[in-house]
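Below is one structure, written out as structure tokens; comments come after it.
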Amino acid sequence: MALPIGLSFHTFQAMSYTIEVYRGQQKPERHFGIYALYVMFYPQLVAGPIERPQNMLHQFHERKHFNYHNVVNGLRSMLWGMFKKTVIADRLALITDPVFNDPHSHSATTLLFASILFSFQIYCDFSGYSDIALGSARVMGFTLMENFNHPYKAKTIAEFWRNWHISLSTWFKDYVYVPLGGSRVKRSRMCFNILCVFTLSGLWHGANWTFIAWGLLHAFYMIFGAVTMQPRHTISNFIGINRVKWLAPLIQQFITFMLVTMAWIFFRANSIWDAIYIFRKLPQSFTESKLFFEKNIPSITLDVPFLQLFFSLALILLLIFIQYVEGNVTMSTYLDKKPRIIRWSVYYVLTLSVIYLGVFQNKQFIYFQF
């Protein structure tokens, strides 16, 4: 059954208008054209960010004039998004797609590497689209909300969700979690509220057991993290991890990233049975690694092209380095403060990378399917 493109996104955007008007926090829009533009605004129509009427409706009433700064920042954001999508995400897909489409034909170590690579693939794919959406809107003089804020720097799952797909997570927080009582209720009720939110989040992504399992696993992460917060802090102090200033955050970021990666397996797998098979197979990667180091048998450790894997890892390290240099600002904001020669050097490098290193094999954005 063919469904309208971006159905999940513009449905939630329309619902946010209805809810805000019902609550009395937004005046009803009397101009049908303006309302239709709010629901179907093309830069963010198919994959977000899911906007609120308070941010967008007044912008559609304002008279727009050519603004050089907006055009430059918008094009810069679009270029960075294209680089993340075509050069990083779609190149990683050359490795991850064959592995996840036929997990039974690959070694445990390959499944582990593919799972880690998919974490970066979906981030570059989705955040790349968001950069393009924000940039194209900015060129026309409209400001959309940021949808990503370095989510893989998160030290907890809760922090990860404050920085990943921000427009969706805040939507569920404001319209589901808080009305259910949020965290201002008994712990058992709070756990139930979290379970409801992430179950709905899984269903929002699709009527498939893989998405529901993904949502339930994140619910477990959130509940376990909330319930064990004090004991974990006590244990950290007891074994002395917190005495080394950089060690505790590094361990927390690594654990959070691996937990998120394990959940992505359900998200990416073609069926719940494929996901279960991958989870059952993963522990064998330790045995394969032992054979590799002791007997030098690479064929049972990695069965993907070495050069392709090497180039993909280099791109991931480049992304990590760039985000470290950026700090807590966007690429566009970071470049704004640099001399002209640096800015234009970056423009040329990104443009040539997209042209000569980008993968153009009719790969749509992952979130277009939702």
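On a predicted model such as this, the values are computed, not experimentally measured, just so you know.
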Decide yes or no for [X] and [Y]: does some side-chain heavy atom of the first lie under 4.5 Å from some side-chain heavy atom of the second?
X      : Y      : answer
Thr86  : Phe360 : yes
Asn147 : His165 : yes
Phe60  : His31  : no
Phe41  : Leu144 : yes
Leu357 : Phe311 : yes
Arg189 : Arg184 : no
Ile166 : Pro49  : no
Ile88  : Phe83  : yes

*Are the aromatic ring centres of Phe198 and Trp161 under 6.0 angstrom apart?*
yes
What distance separates [X] [atom1] from [Y] [atom2], expressed to the nearest 0.5 Å?
X      : Y      : atom1 : atom2 : value
Ile157 : His218 : CD1   : NE2   : 6.0 Å
Met56  : His58  : CE    : NE2   : 8.0 Å
Met262 : Ile278 : CE    : CD1   : 9.5 Å
Ile320 : Phe120 : CD1   : CZ    : 4.5 Å
Ile95  : Ile116 : CD1   : CD1   : 12.0 Å
Tyr129 : Leu134 : OH    : CG    : 10.0 Å

Minimum heavy-atom separation for [X] and [Y], please, with both atom names.
X      : Y      : answer
Val39  : His10  : O-CB, 3.5 Å
Met140 : Pro43  : CE-CG, 3.8 Å
Val139 : Leu75  : CG2-N, 3.9 Å
Gly141 : Asn70  : CA-ND2, 4.2 Å
Tyr277 : Pro103 : CE2-O, 3.5 Å
Val227 : Cys191 : CG2-SG, 4.5 Å

*Please assess Ser127 against Lys84 for the test side-chain contact (heavy atoms from CB on, under 4.5 Å), listing each intermediate value before the final yes or no.*
CA-CA 8 Å; Ser127 68; Lys84 286 196 288 184; 3.0 Å; yes
*Is the NZ or CZ atom of Lys186 positioned over Phe192's six-membered ring, under 6.0 angstrom from the centre and within 45° of the axis?*
no
Check the hydrophobic clustering (I, L, V, M, F, W, Y; side-chain heavy atoms under 4.5 Å; chains of links allowed) and say if [X] and [Y] are grouped together.
X      : Y      : value
Val346 : Val349 : no
Phe142 : Tyr42  : yes
Phe254 : Ile265 : yes
Tyr348 : Val72  : yes
Val260 : Leu282 : yes

*How would you list, by chain and number, every residue that makes a side-chain contact (heavy atoms from CB on, under 4.5 Å) with Ile341, sequence neighbours excluded?*
Pro339, Ser345
*Does Met229 CE have over 12 foreign heavy atoms under 6.0 Å away?*
no
*asked:* If you count heavy atoms of other groups shown closer than 6.0 angstrom to CZ of Arg23, is the number above 12?
replied: yes
*Side-chain H-bond candidate by donor/acceptor type, His106 with Asp102, under 3.5 Å*: no
_Side-chain donor-acceptor contact under 3.5 Å, Gln44 with Glu51_ = no
Where the side chain of [X] meets the backbone of [Y], is there a donor-acceptor pair that is under 3.5 Å apart?
X      : Y      : value
His150 : Lys153 : no
Asp125 : Gln121 : no
Arg232 : Gly225 : yes
Thr156 : Glu159 : yes
Asn193 : Gly182 : yes
Ser201 : Val197 : no
Ser115 : Leu111 : yes
Thr256 : Lys155 : yes

*asked:* Restricting to ring-ring contact (aromatic ring centres under 6.0 Å, His included), what partner residues turn up for Phe172, sequence neighbours left out?
replied: Phe12
*Under-4.0 Å salt bridge between Asp336 and Arg76*: yes
*Should Phe118 and Thr261 be marked as a side-chain contact (heavy atoms from CB on, under 4.5 Å) after you check the CA-CA gap, both sets of side-chain angles, and the distance that decides it?*
CA-CA 8 Å; Phe118 180 72; Thr261 297; over 6 Å; no
*Going by the side-chain contact (heavy atoms from CB on, under 4.5 Å) test, name the single residue among Asp174, Leu57, Ile19 that passes it with Arg52.*
Asp174
_Determine whether Ser16 and Tyr38 satisfy the following criterion, side chain to side chain donor-acceptor pair (under 3.5 Å), listing intermediate values before the conclusion._
CA-CA 11 Å; Ser16 68; Tyr38 163 75; 2.8 Å; yes
*Evaluate the side-chain contact (heavy atoms from CB on, under 4.5 Å) criterion for residues Leu180 and Cys196: first the C-alpha distance (whole Å), next the side-chain angles of each, then the deciding distance (0.1 Å), finally the verdict.*
CA-CA 9 Å; Leu180 286 174; Cys196 288; 4.0 Å; yes
*Could you point out which residue of Trp204, Phe266, Phe267 forms a ring-ring contact (aromatic ring centres under 6.0 Å, His included) with Trp214?*
Phe267
Can you tell me how the ring of [X] sits relative to the ring of [Y], calling it parallel under 30°, perpendicular over 60° and tilted otherwise?
X      : Y      : answer
Trp164 : Phe160 : parallel
Tyr347 : Trp344 : perpendicular
Phe257 : Tyr152 : perpendicular

_Gln25 vs Gln54, test: side-chain contact (heavy atoms from CB on, under 4.5 Å). Steps then yes/no._
CA-CA 8 Å; Gln25 297 175 352; Gln54 291 91 336; 4.0 Å; yes
